[in-house]
Amino acid sequence: MAALPEALNINEMKEKIEAILAEIESLACKTENEIEEARVRLLGKKGKITGLFEEFRTVPAEQKREFGQKLNQLKNAATAKIESLKDSLQESGASAASFDVTKPGDSFKLGSRHPVSIVREEIVEIFRKFGYDVAEGPEIEDDWHVFEALNFPPEHPARDMQDTFFISSSANSILLRTHTSSVQVRAMEKLPLPIRIICPGRVFRNEAISARAHCIFHQVEGLYIDENVTFADMKQAILLFAREMFGAESQIRMRPSYFPFTEPSAEVDVSCNICHGKGCNICKGTGWLEIMGCGMVDPNVLEASGIDSKKYSGFAFGMGIERIAMLKWQVKDLRNYFENDLRFLREFETFI
């Protein structure tokens, strides 16, 4: 009768070992406190596994080897599980820390608008205040809109391959526009009179790239056509633009020039905004800076677009955006606008 209680104790121990193993396998903890509670519950001085080692003393000698191995495996399994939970919590904690939404965000360095875009928008906004609308057209054009309708004779040097990028040389040649005057022609063909527009855009010329020239550049051209438009109207519009762009004290002067599509024509200079007309290295001691060409629209150009030149008159002007930017910021090398050097572009961050 004395062996029966020992058999019952052994069966109870087996059940306890299996129950604790099942508990270890299903153990899941989300915090350090929960892991510590599980460790104490299983491996602490009064833990379940420690209690089994106390009961191990009552196991018969012939079964100690078997149960000793099972208890050691149970203890190792519990220890390994606790360590695994700790490692998992540390990894998840590190991952969560890197995405902690309560921390201040990383500052990202903002870029800036390109200086050509800054000047383009400034020019557009000035003329919008004067009542001008913006018109745009294709960069790939035909000979009619770039040359023929603008009173360029067949032998004009601008038609030569040295100046123009021709795509095809058919009867109506296809080419990259050399000026945004082609947009003015399209406007005169389609828009109702009176017309008051500016035409900003990119143009192309077959020129060697240097500090003062490039094969790609940007223009803004203006056109105003109505009854009784005079040269005085044009002069006043350009003077107002110069004072808006370069300062209220700016003055302009006009020098006779020649363009196939205007007559009379003029080159426009503005008083140097650096030395205020006294003479400096920017204006080469003259006190003046060239900014654009202009003139009264030639009657032949009006007639080519179906406008009665006896009833209507108008003026046109055109300026290079890079040229205005160079004068505004004293940037002497035109290539800076096309090379995307971040050191150069960062100088315009204040214009974001």
Side-chain angles (χ1 to χ4, degrees), residues 114 116-117 119-121 123-124 127 132-209 213-225 257-263 265 292-307 309 312 314-324 334 337-338:
H114 194 279
V116 170
S117 298
V119 174
R120 177 188 183 277
E121 292 178 17
I123 294 172
V124 167
F127 281 103
Y132 287 73
D133 294 322
V134 176
E136 296 182 340
E139 294 179 351
I140 300 176
E141 269 289 8
D142 54 47
D143 184 87
W144 168 260
H145 290 95
V146 176
F147 294 131
E148 193 73 25
L150 290 168
N151 203 34
F152 281 81
E155 70 281 0
H156 196 280
R159 292 176 176 267
D160 190 82
M161 282 290 291
Q162 297 301 315
D163 297 321
T164 306
F165 288 105
F166 285 97
I167 298 174
S168 71
S169 56
S170 58
N172 189 20
S173 298
I174 304 301
L175 49 94
L176 297 180
R177 66 185 183 188
T178 58
H179 45 208
T180 53
S181 301
S182 57
V183 182
Q184 297 179 2
V185 175
R186 291 183 177 275
M188 288 188 288
E189 292 174 341
K190 297 178 181 180
L191 296 181
L193 295 167
I195 297 172
R196 194 195 299 258
I197 60 169
I198 55 171
C199 313
R202 183 170 55 177
V203 299
F204 310 85
R205 293 185 186 176
N206 190 11
E207 296 183 2
I209 297 175
H214 207 284
C215 60
I216 304 172
F217 56 101
H218 300 78
Q219 284 186 335
V220 174
E221 298 196 27
L223 175 69
Y224 177 37
I225 298 176
S257 186
Y258 166 77
F259 304 108
F261 38 86
T262 55
E263 179 60 38
S265 304
M292 71 173 74
C294 64
M296 301 301 294
V297 179
D298 192 294
N300 292 334
V301 174
L302 296 175
E303 295 292 343
S305 296
I307 297 175
S309 62
Y312 293 97
F315 63 78
F317 56 84
M319 69 192 86
I321 297 179
E322 286 86 357
R323 174 66 176 170
I324 301 297
L334 193 66
Y337 296 112
F338 298 91

How close do [X] and [Y] get, counting heavy atoms only, and between which atoms?
X      : Y      : value
Arg186 : Asp142 : NH2-OD2, 4.2 Å
Gly318 : Met292 : O-CB, 3.1 Å
Ala149 : Ala304 : O-CB, 3.9 Å
Ser181 : Leu150 : CB-CD1, 3.5 Å

Tell me, do [X] and [Y] make a side-chain contact under 4.5 Å, heavy atoms counted?
X      : Y      : result
Arg177 : Val203 : yes
Cys215 : Ile209 : yes
His218 : Val119 : no
Leu302 : Ile225 : yes
Gln184 : Thr180 : no
Asp298 : Thr262 : no
Val134 : Pro200 : yes
Met319 : Ile123 : yes

Nearest 0.5 Å please: distance from the [atom1] atom of [X] over to the [atom2] atom of [Y].
X      : Y      : atom1 : atom2 : answer
Thr164 : Leu175 : OG1   : CG    : 6.5 Å
Glu207 : Ile216 : CD    : CD1   : 12.0 Å
Ile195 : Asp133 : CD1   : CG    : 10.5 Å
His145 : Met188 : NE2   : CE    : 9.5 Å
His179 : Glu141 : NE2   : CD    : 9.0 Å

> Taking it one step at a time, do Glu221 and Val183 satisfy side-chain contact (heavy atoms from CB on, under 4.5 Å)?
Replying inline: CA-CA 9 Å; Glu221 298 196 27; Val183 182; over 6 Å; no
> Tyr132 and Ile197: side-chain contact (heavy atoms from CB on, under 4.5 Å), yes or no, with the steps?
Replying inline: CA-CA 5 Å; Tyr132 287 73; Ile197 60 169; 5.6 Å; no
>> Tell me which pairs pass salt bridge (charged side-chain N to carboxylate O under 4.0 Å, His left out) where either residue lies in residues 191-203, with sequence neighbours left out.
In response: Glu139-Arg202
> Given the rule in the side-chain contact (heavy atoms from CB on, under 4.5 Å) test, do Ile140 and Leu176 qualify, once you have shown the distances and angles that lead to the verdict?
Replying inline: CA-CA 5 Å; Ile140 300 176; Leu176 297 180; 3.9 Å; yes
> Name the one of Trp144, Phe259, Phe147 that satisfies ring-ring contact (aromatic ring centres under 6.0 Å, His included) with Phe152?
Replying inline: Phe147
> Does a donor on one side chain and an acceptor on the other come within less than 3.5 Å for Glu322 and His214?
Replying inline: no
> Taking the six-membered ring for Trp, are Phe315 and Tyr224 parallel (under 30°), tilted (30 to 60°) or perpendicular (over 60°)?
Replying inline: perpendicular
>> Apply side-chain contact (heavy atoms from CB on, under 4.5 Å) to residues Arg205 and Phe217 and explain how you reach the verdict.
In response: CA-CA 8 Å; Arg205 293 185 186 176; Phe217 56 101; 3.7 Å; yes
>> So, using side-chain contact (heavy atoms from CB on, under 4.5 Å) as the criterion, who are the partners of Glu121 when residues are at least two apart?
In response: Arg113
> Does Ser173 reach the main-chain N or O of Asp143 with its side chain, forming a donor-acceptor pair under 3.5 Å?
Replying inline: no
